[in-house]
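Chain letters run A, B, ... following the sequence lines, proteins first and then strands; every chain starts at 1.
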Amino acid sequence: MVDESVILFNELDPSLKNTHVRNVFMDGRQEEGLRLMDRMRSMKGLAPNVSTYNCLIDGFCKCGDVEKGKELFDQMNEVGVSPNVITLNILVDAYCDIDHIVKAVDLFDQMLASGCSPDASVYHRLIYGLCKAGRMDAASNVLSKLKEAGFRPDIVCYNSLVRGFCKKSMVDKAYDIIKEMEEAGVKHDSVSYNSLIAYFSQNGNFGLARKAMEWMINEGHVPTIATYGALIHAYCSNGNIKEAMKLFNDMSSISKIPPNTITYSIRIESLCNNNDINGAPFLVDDMKAKGVKPNSDTYNAMFEGLKENNLLEDAFILMDAMIEHACKPDYKTMEILTRWLSTVGKSEKLTSFIQGYKVSPLSE
DNA sequence: TTAGGGTTAG
């Protein structure tokens, strides 16, 4: 069979062949790209270059096949194409994304040992990935290596560390980082403040959280949706709905920040936790009116509330709404529904739901 | 002459 894409490829100027294959990979046509790469290798004086490999590896990683990406990375070494910092960044990001932190660190160490000199971005992204995974010892270790290599952490890197330490309740370490930022002349921003505000409010220290909000304003930073979100969530968890609502209103009226999916989900979750499931549909209507799209977390909060109140028929209607609005259930949705529906002998509804069929008797 | 592009709230 004649392969049209190969014929077209053959006619291209040699100088354009790598670009063409890159475009094929970036377009998500991995199989076709691989065929063209084979073709290239068989042509005299032509070979895929590092950027072609990078597009290919990135394509596989984005499709979730990171191991295939790593295989191709190894293949690069075999065929004599040296990986560069972009190759390394693609793989480090991909490993961090799927929480294969050890592999990300191994790859990084391997590159260091092989004499490749990563630029600051590789350190930055690895630190971010490690902080996100809560691996603060490893993150601190990479931070030291970054400094040894003569680089400096930037604001994003510092903020990742502040957040990581706050999440682990290692607030002294977070303060150390803030101090280091100040000494290094890197000015903290609203993101740095938001991590602290979230930490204080989660621990019920609302006085300090509000104080930090004041400091950030005095320093010329504007509170963001995350500032309000952290506080609203903490007040809701603490049962102080009045204060939460005040902030919700202040956010729109004073700060002119419209609520988003997360802010609404926080409030819906709070209603459900306080046995006020009847209030949830009104909030959903309000979201719709404001053009804010519910996501799986919004639905999950409502499913939890309906389950607590044993409102099975309402759950079926909600499952239909989820399908109708093309909102993909996540692992948490599946967990809630599996447990609930199997207990009440309605597992077949879950099967239909997964297959994308309506489940409510009202819609039949 | 390319390729990747990291931060905060639930």
Phosphate OP1/OP2 of dG10(B): any Lys167(A) side-chain N/O under 4.0 Å: yes
Per the under-4.0 Å heavy-atom filter, residues of residues 125-160 of chain A near DNA chain B come out as Arg125(A), Tyr128(A), Asp154(A), Val156(A), Cys157(A), Asn159(A)
Looking at every strand, decide which applies to His124(A) at a 4.0 Å heavy-atom threshold: base, sugar-phosphate, or nothing. base
Within residues 269-301 of chain A, those residues having any heavy atom closer than 4.0 Å to DNA chain B are Asn295(A), Asp297(A)
Going by heavy atoms closer than 4.0 Å, what residues in residues 190-204 of chain A are next to DNA chain B? Val191(A), Asn194(A), Gln202(A)
dG5(B) C1' sits how many Å from Met26(A) CE, rounded? 14 Å
Arg29(A) and Asp27(A) ion-paired at < 4.0 Å: yes
Close residues, residues 78-110 of chain A, relative to DNA chain B [heavy-atom separation under 4.0 Å]: Asn84(A), Ile86(A), Asn89(A), Ile90(A)
Under the side-chain contact (heavy atoms from CB on, under 4.5 Å) rule, collect the residues that match up with Cys55(A), sequence neighbours excluded. Arg22(A), Phe25(A), Met26(A)
Would you indicate what Ile57(A) reaches in the nucleic acid, counting non-hydrogen atoms under 4.0 angstrom: base, sugar-phosphate, or nothing? nothing
Sequence neighbours left out, what pairs pass ring pair (Phe, Tyr, Trp, His ring centres under 6.0 Å) with at least one residue falling in residues 113-164 of chain A? Phe108(A)-Tyr123(A), Tyr123(A)-Phe151(A)
Restricting to pairs with a member in residues 231-251 of chain A, which pass salt bridge (Lys or Arg N to Asp or Glu O under 4.0 Å), not counting sequence neighbours? Arg210(A)-Glu243(A), Lys246(A)-Asp250(A)
What's Asn260(A) touching, base or sugar-phosphate or nothing? Going by heavy atoms closer than 4.0 Å. base
Classify the side chain of Thr261(A) versus the base of dG10(B) as yes if they form a donor-acceptor pair under 3.5 Å and no if they do not. no
May I have the list of side-chain donor-acceptor pairs in residues 307-316 of chain A shorter than 3.5 Å, sequence neighbours left out?
residue, atom, partner, partner atom, Å
Asn309(A), ND2, Gly305(A), O, 2.8

Looking at Arg125(A) and Asp93(A), does any basic side-chain N land under 4.0 Å from a carboxylate oxygen? yes
The side-chain contact (heavy atoms from CB on, under 4.5 Å) partners of Met170(A) (sequence neighbours excluded) come to Phe165(A), Lys168(A), Lys173(A)
For residues 34-41 of chain A, which side-chain N or O atoms pair as donor and acceptor with protein atoms under 3.5 Å away, sequence neighbours left out?
residue, atom, partner, partner atom, Å
Arg35(A), NE, Asp3(A), OD2, 2.8
Arg35(A), NH2, Asp3(A), OD2, 3.2
Asp38(A), OD1, Arg41(A), NH1, 2.9
Arg39(A), NE, Asn10(A), OD1, 3.0
Arg41(A), NH2, Tyr53(A), OH, 3.1
Arg41(A), NH2, Gln75(A), OE1, 3.2

Sorted by chain and number, sequence neighbours left out, ring-ring contact (aromatic ring centres under 6.0 Å, His included) with Tyr235(A) holds for Phe206(A)
Hey, does Ile266(A) reach any base, or is it just sugar-phosphate, or nothing, if we go heavy atoms under 4.0 Å? sugar-phosphate
Indicate whether OP1 or OP2 belonging to dG10(B) is found under 4.0 Å from a side-chain N or O atom of Lys332(A). no
Let's see if you get this right: which residues in residues 14-25 of chain A place a heavy atom under 4.0 Å from DNA chain B? Arg22(A)
